[in-house]
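As structure tokens, the structure follows; a few thoughts come after it.
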Amino acid sequence: MNQTRDHNMAATTGGVEDLAPADPREHIEPTEAERPLSLWFVTFLCVCFGWGGYYMQRYSADYGALSYDENAGLGGAKTNVVKQVDPYVLGRRLFESVCARCHQPDGQGVAGQYPPLVGSEWVLAPGPARLIRIVLDGLQGPITVKGVAYNNNMTPHRDALTDAQIAAVLTYLRTQKDWGHNAAPVTPEEVAAIRSKTKDRAALGAWTAAELLALPEHEPAP
Amino acid sequence: MSTGSPSILRSFSPAYTEDVAQQRALLAEIDTSCRGTLLLFFGAAVVWLLIGTVFGLTASLKLHWPNFLADTAWLTFGRVRPAHLNAVAFGFASNAALAVSLWLLCRLCRVPLMHAWVANIAGVAWNLGVAIGIAGILAGDSTGIEWLEIPGYASPLLFVSYALIAIWGVITFRFRRERRLYVSQWYLLAALFCFPWLYSVAQILLILEPVRGVVQAAVNWWFGHNVLGLWFTPIGIAAIYYFIPKVLGVPVYKYSLSLIGFWSLALFYNWNGMHHLVGGPLPAWLITVSIVASVMMTIPVVTVGLNHHFTMWGHFHKLKHSPVLRFMVFGGMSYTVTSLHGVLLSLRSVSEVTHFTHSTVAHAHTGMYAFFTMVMFGAIYYIVPRITQLAWPSARLIRIHFWASALGILLYIVPLAIGGTLQGMAMINPDVPFLAPDKYSVVTMTLPYLKVRSVSGFIILVGHLAFATSFVWIVARWLKAARHRQASPTTSHV
Amino acid sequence: MNYAPLVFLGVFLTLASSWVGLVLAPQLQLGRQQEVKVEETSEVYPPVRPGLAQRGMEVYKANGCIYCHSQQVRPPGFGADIERNWGQRRTVARDYLHDKPVMLGTMRTGPDLTNIGVRQTSIQWHLQHLYDPQITSKGSIMPPFRFLFEKRKIGAKPSPDALALPREFAPEPGYEIVPKPEAKALVQYLLSLKANVPLPEAE
Amino acid sequence: MRPDMSVVWILFVSSVIVLPAVALLALRWALRNGEFKHLQKTALSIFDEEEPVGRMTDRFPDEPQGSQAHEP
């Protein structure tokens, strides 16, 4: 290395004068040492480019404007299929994502606002006919649940949930082990039957408790 | 000090090269020519740093303490967070970036900053634009587009003042006396060239004449990621390439590596914007091309990382003695960490878990703070003594600043990256409820990690206060010295 | 490299190539995508948002709801968006044709809202939740938006818009909480967020 | 799924033909004009006699000038 020149450290104000003294001199000539590129670095570059080309061709679904599934172009197993889950688990998921927002995750509801589901005589009724109607077209006006009066309105879920989903969530509510429920489960066919029977109910608005109580517990099989 | 600087008009005449050359530009003369402009930018940067940190801390506290300052409309989380983003990105980071790039260009081109008054006006206009923009965001005029929240009535001011500063960089470059282009100059020129194109396309296609539908998301994230990759990252790397060799007195390990690093960064970085939309409503090919570009980013990152690391080889013991070296090495290593973390986050199988979670926020802060901001701190600690010809008043303040910022950001990144990944795993498992107050749910399990982040926010604020005190103290000393010099011009200063 | 124009040319070309690839190409592919006519209801999808809901979108945008809520549903098998009932299908480009700006969002500190208009249609629930999320969703970290509501003395008789609040959240007797126009507009915007019309490219 | 030819052509032409072609031309020109000859000299261009190779130019203000380890 070239020889470093010692500067005479004049007494400075603790400033940085000594770092930038005034007398400039000609540049020093640099050496020609130039280290070649190492081999493993070149292989690393090739591996990256190779992988890039492969991945690009494999997952671009023919550059289609409307092809959103990266595996579409290959005819392989479609990745986008919902895994089948046993109804009780599906029911719990739906309860947690839909019903819990008002009836609360613990099923106790909000005092004076939203009735509880735990131990509710409406949920544990022998036949599911009234319960299915409430979920399909909603409920309005006064209703007493476990002896407490509520007056709120529940929104319809006719087009938000399919028959299978309604059956799953009601089965979950009626057979919820931690709440000690073990009423009869609900089948999608029962839901479908009532859904078609109450086709025009949506126009008439939500059910009232009185109307529901007038209905028989069990629906005669269609 | 700088006598005979050529007028603006003459700078466009191609014949104008030689007569400036005879005038030997001393390093000291170059530094003093930039002094006014740099102190303006660094002062504004420090102010925005404090404002941005307070906004960030407020937003962080609100995330686990919803009722904190919840009743005033202009302090709601949805406005404080974009205000934080713009205060630190367009406030602190851009001011520091502009100052450091102007100084580096002057130093590397061996020519004083000419007609500094134009750059000063542009600086004042830039900060005015950012201030109006952030006031607009807090008042509720945000454009609702991430990274471009500054409303339409402030962004033209930003663009015009930026263009003035970029022109100044190019003119200073036009009169360079050092024929050779050092690697930092490529990065600076790339950054000064890219930002106006990015900002104007984004403003036109998103705010003035919005394109239709999800193409807005494509333009938004083309701009969003490129403002990080082609504006902040090149200036950060340029600073590291200059300051580590300069402080150590050791040339860069292998200059040919820096060539590969620069061109691969230019090629791959600006293609990877769409990894913010993996799984989103965009054609598969668009997302795939960005994932490939993100993974290919390993090439520039490994290249630049190795280049800096081997430059430092054998000199790590000097970290004890030099504050600038500490910030630069911390920033350099963070750049490698954040880029490799980014490569991981962009893969589809990983993005399925970490998309929409705090892991992305941890990655963003590793890049913007641990890498870029720490490098800017290092640059400021090197530049300010040279432009004011005064040493930093207190070494203790510098040590407090370094350790508070370094430990603070580590305490920010590591818990949030882990917490974000766990949050992601919980979110893609439908059996974990999204919100159940007393059970393991997505919202309740992230709370402890958000609280640790607020703690790290306080530590970083302590670091920034130490830095601000240091800065104000040295500027005050310089003003006193300058007044003293006016009072008795006889004592020669050079 | 010491030749400046070469550096400029290189940087220009690389940025131009990414501009072509990530801005021009999507514009050519999706820029002129049209609405589609739904068979049974013969409406046009996506519908143009009614006036009040459009003002609600401005409130959503101004208060930065996108920083915690996303508006995109990922396909089944990639994340659990469909299993969490955040959507009945994945969202595609056609769902966002009338959004200005498109607010896909990048964080899910709160649930995805693409299909909130189908899954939660009760205006009263939304108003209670906005006034103080702890009423309907205990433990939520969403801030209360009380500044979108007004507390005022009850006049001759309680106003029809007054919120029905549980005891511990209700104002002192003689006062009522009434939503400001922004709150009503925001709820209308939330109810307008629907993505349940089946689209061929969404399967 | 017939590939959507408009985008394929744009992407293909722009980034697989134009960009590499210009890059190779520029590389050939750079090699011709000796851009790569004195790489290491450029690396040394940032040093000069005020701040020469081999000497630290930054230290904590409370450390005297000569205290840290000098270059061998």
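Keep in mind that the numbers below use all heavy atoms, side chains included, and drop hydrogens, waters and symmetry copies. Protein chains get the first letters and strands the later ones, always in sequence-line order, with residue 1 at the start of each.
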Taking side chain as everything from C-beta outward and backbone as N, CA, C, O, which of these in [X] sits under 4.5 Å from a heavy atom of chain B? Side chain, backbone, both or neither.
{"X": "F145(C)", "value": "side chain"}
{"X": "N63(C)", "value": "both"}
{"X": "A195(C)", "value": "neither"}
{"X": "L6(C)", "value": "backbone"}
{"X": "A202(C)", "value": "neither"}
{"X": "S137(C)", "value": "both"}

Give a yes or no on whether [X] atom [atom1] has more than 12 heavy-atom contacts from other residues, nucleotides or ligands under 6.0 Å away.
{"X": "Y45(C)", "atom1": "OH", "answer": "yes"}
{"X": "Y175(C)", "atom1": "OH", "answer": "no"}
{"X": "E168(C)", "atom1": "CD", "answer": "yes"}

Among [options], residue most engaged with chain C (heavy-atom pairs, under 4.5 Å):
{"options": "V443(B), L267(B), D71(B), L277(B)", "answer": "D71(B)"}
{"options": "G280(B), S441(B), S349(B), A293(B)", "answer": "G280(B)"}
{"options": "T446(B), L435(B), V80(B)", "answer": "L435(B)"}
{"options": "L206(B), I137(B), L259(B), L63(B)", "answer": "L63(B)"}
{"options": "N429(B), T444(B), L198(B), N270(B)", "answer": "N270(B)"}
{"options": "T357(B), L189(B), N220(B)", "answer": "T357(B)"}

Between [X] and chain C, which part of the residue has a heavy atom less than 4.5 Å away: side chain, backbone, both or neither?
{"X": "Y182(B)", "answer": "neither"}
{"X": "V353(B)", "answer": "neither"}
{"X": "D438(B)", "answer": "neither"}
{"X": "F268(B)", "answer": "neither"}
{"X": "V442(B)", "answer": "side chain"}
{"X": "L205(B)", "answer": "side chain"}
{"X": "I207(B)", "answer": "neither"}
{"X": "R81(B)", "answer": "side chain"}
{"X": "W197(B)", "answer": "side chain"}
{"X": "W263(B)", "answer": "side chain"}

Rounded at 0.5 Å granularity, tell me how far [atom1] in [X] sits from [atom2] in [Y].
{"X": "M107(C)", "Y": "E146(B)", "atom1": "CE", "atom2": "CD", "result": "9.5 Å"}
{"X": "L148(C)", "Y": "T76(B)", "atom1": "CG", "atom2": "OG1", "result": "8.5 Å"}
{"X": "Q29(C)", "Y": "L286(B)", "atom1": "CD", "atom2": "CG", "result": "8.0 Å"}
{"X": "E58(C)", "Y": "S142(B)", "atom1": "CD", "atom2": "OG", "result": "10.5 Å"}
{"X": "W19(C)", "Y": "W222(B)", "atom1": "CH2", "atom2": "CH2", "result": "8.0 Å"}

| N/O donor-acceptor pair under 3.5 Å between Q216(B) side chain and V102(C) backbone |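 Yes, the answer is positive, given that a donor and an acceptor are paired below the 3.5 Å cut-off.
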
Please report the closest heavy-atom contact between [X] and [Y], naming both atoms and the distance.
{"X": "I428(B)", "Y": "A80(C)", "result": "O-CB, 3.3 Å"}
{"X": "P281(B)", "Y": "Q72(C)", "result": "CD-OE1, 3.7 Å"}
{"X": "S70(C)", "Y": "F356(B)", "result": "CB-CE2, 3.8 Å"}
{"X": "N67(B)", "Y": "P144(C)", "result": "OD1-CG, 3.2 Å"}
{"X": "Q423(B)", "Y": "R108(C)", "result": "NE2-O, 3.9 Å"}
{"X": "W285(B)", "Y": "G21(C)", "result": "CH2-O, 3.6 Å"}

Can you tell which of [options] has the highest number of heavy-atom pairs within less than 4.5 Å of chain B?
{"options": "L15(C), D81(C), N85(C), L104(C)", "value": "L15(C)"}
{"options": "T109(C), V73(C), D95(C)", "value": "T109(C)"}
{"options": "G110(C), P133(C), C68(C), C65(C)", "value": "G110(C)"}
{"options": "D112(C), I66(C), V7(C)", "value": "V7(C)"}
{"options": "H98(C), Q134(C), K61(C)", "value": "K61(C)"}
{"options": "R146(C), Q33(C), R84(C)", "value": "R84(C)"}

| task | Would you please indicate if the ring centroids of W74(B) and F147(C) are separated by under 6.0 Å? | result | no

| field | ring pair (Phe, Tyr, Trp, His ring centres under 6.0 Å) assessment of Y67(C) paired with F77(B) | value | CA-CA 9 Å; Y67(C) 295 110; F77(B) 176 83; 7.4 Å; no

| query | Going by atom types alone, do W271(B) and S17(C) pair a side-chain donor with an acceptor below 3.5 Å? | reply |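 Looking only at side-chain atoms, S17(C) and W271(B) do form a donor-acceptor pair, the distance falling under 3.5 Å.
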
| Could R212(B) and E35(C) be called an ion pair, given the rule that one side-chain N must be under 4.0 Å from one carboxylate O? |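 Salt bridge present between R212(B) and E35(C).
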
| field | Step-by-step side-chain contact (heavy atoms from CB on, under 4.5 Å) determination, L22(C) to V219(B) | value | CA-CA 7 Å; L22(C) 299 185; V219(B) 174; over 6 Å; no

| Can you find a pair of side-chain heavy atoms, one from W221(B) and one from T106(C), that are under 4.5 Å apart? |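 Side-chain contact under 4.5 Å: yes.
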
